[in-house]
Peer 1: 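This structure is in structure tokens; I'll ask about it shortly.
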Amino acid sequence: MKASDRKLARLIDATEPVDAKAWRRARPLGDPFSVLVYSIIGQQISGYAARAIAGRLQDRFGGRIPTPAELLAMDPADLKSVGLSRMKVEYIRSLAEHVVSGELQIDHLGKLSDDEIRTQITASRGLGRWTADMFLLINMERPDILPIGDLGIRSAVQRLYRLDHLPTPGEVDAIGEKWRPNRSLASLYLWASRRQAPKPARAASSRRTKKTRAGHGSRG
């Protein structure tokens, strides 16, 4: 991957090594249906609020997320009572309906291609490309996933290529072609580069500080 893109190679060399397994463990894991339900619950709210709502839902089912059939058997008003908005109730019920009908082959996703999984997940209301990509990258551990719509990825690509604009998902997709078949690892490094200062920058900053101090000393 480094050989395919000198800019990405410099970013990797300047970033602390990424532990993909540790990164995944820090994200919501579990059976596919529960993960997708949690993805809907967490939309546009804080992690704390999402965990609280999910916890209230799980409390009604002995500490677990209900099955698709159990969710569909619930009165929508009961779902709203745990803290879900009307729209999210509709999204969760849509997801459950897709699983029950077989449109989303939740127990056979491992046999499907990345694009087939994206198509099945995004057919459910409230689940878009970003959710499908994150599901593939984190829960399916697919090796060649680039979440092109993720703002963090787009911002990192803008800095990496010194673009004068935030790249569109299509532009990120085109740039990332050269990272195949390891775009998942490239994504992890792009995210990591946003959370820490590159090593060369720290070294350069240290040199500038020394020069400044030396200059101050000569003037004093």
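Counting from 1, the numbers follow the sequence of the chain as shown.
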Peer 1: When you measure from the side chain of Ser184 to the backbone N and O of Asp144, does any donor-acceptor pair fall under 3.5 Å?
Peer 2: yes
Peer 1: Side-chain contact test, heavy atoms from C-beta onward, threshold under 4.5 Å: evaluate it for Leu185 versus Tyr189 and give yes or no.
Peer 2: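 Sidechains of Tyr189 and Leu185: in contact.
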Peer 1: Please answer: with hydrophobic residues joined when any side-chain heavy atoms are less than 4.5 Å apart, are Ile121 and Val100 in the same cluster?
Peer 2: no
Peer 1: Is any side-chain heavy atom of Ile41 closer than 4.5 Å to one of Ile92?
Peer 2: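 Of all side-chain heavy-atom pairs linking Ile41 with Ile92, at least one is under 4.5 Å.
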Peer 1: Using the side-chain contact (heavy atoms from CB on, under 4.5 Å) rule, pick out the option among Leu11, Leu8, Asp13, Asn182 that qualifies with Lys2.
Peer 2: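 Option passing the side-chain contact (heavy atoms from CB on, under 4.5 Å) with Lys2: Asp13.
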Peer 1: Is the closest basic N to carboxylate O distance between Asp115 and Arg118 below 4.0 Å?
Peer 2: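 Salt bridge present between Asp115 and Arg118.
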Peer 1: What do you reckon, is NZ of Lys178 surrounded by more than 12 foreign heavy atoms closer than 6.0 Å?
Peer 2: yes
Peer 1: Within the structure provided, determine whether Pro32 and Leu109 are in side-chain contact (heavy-atom separation under 4.5 Å).
Peer 2: yes
Peer 1: With sequence neighbours excluded, what pairs up with Arg51 under the salt bridge (Lys or Arg N to Asp or Glu O under 4.0 Å) test?
Peer 2: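 Arg51 satisfies salt bridge (Lys or Arg N to Asp or Glu O under 4.0 Å) with no other residue.
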Peer 1: Under a 4.5 Å cut-off applied to non-hydrogen side-chain atoms, are Met140 and Asp114 in contact?
Peer 2: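 They are not in side-chain contact.
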Peer 1: Would you say that Lys88 contacts Ile45 through its side chain, given a criterion of any heavy-atom pair below 4.5 Å between the two side chains?
Peer 2: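 Heavy-atom side-chain distance check passes, below 4.5 Å.
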Peer 1: Kindly indicate whether the side chain of Glu177, heavy atoms from C-beta on, has any atom under 4.5 Å from the side chain of Arg183.
Peer 2: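 Result yes, sub-4.5 Å side-chain heavy-atom pair found.
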Peer 1: If we only count heavy atoms from C-beta on, is the Trp130 to Ile153 side-chain gap below 4.5 Å?
Peer 2: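 When only atoms from C-beta onward are counted, Ile153 and Trp130 do not touch, as no gap falls below 4.5 Å.
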Peer 1: With a 4.5 Å limit on heavy-atom distance, are the side chains of Leu188 and Trp191 in contact?
Peer 2: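 Result yes, sub-4.5 Å side-chain heavy-atom pair found.
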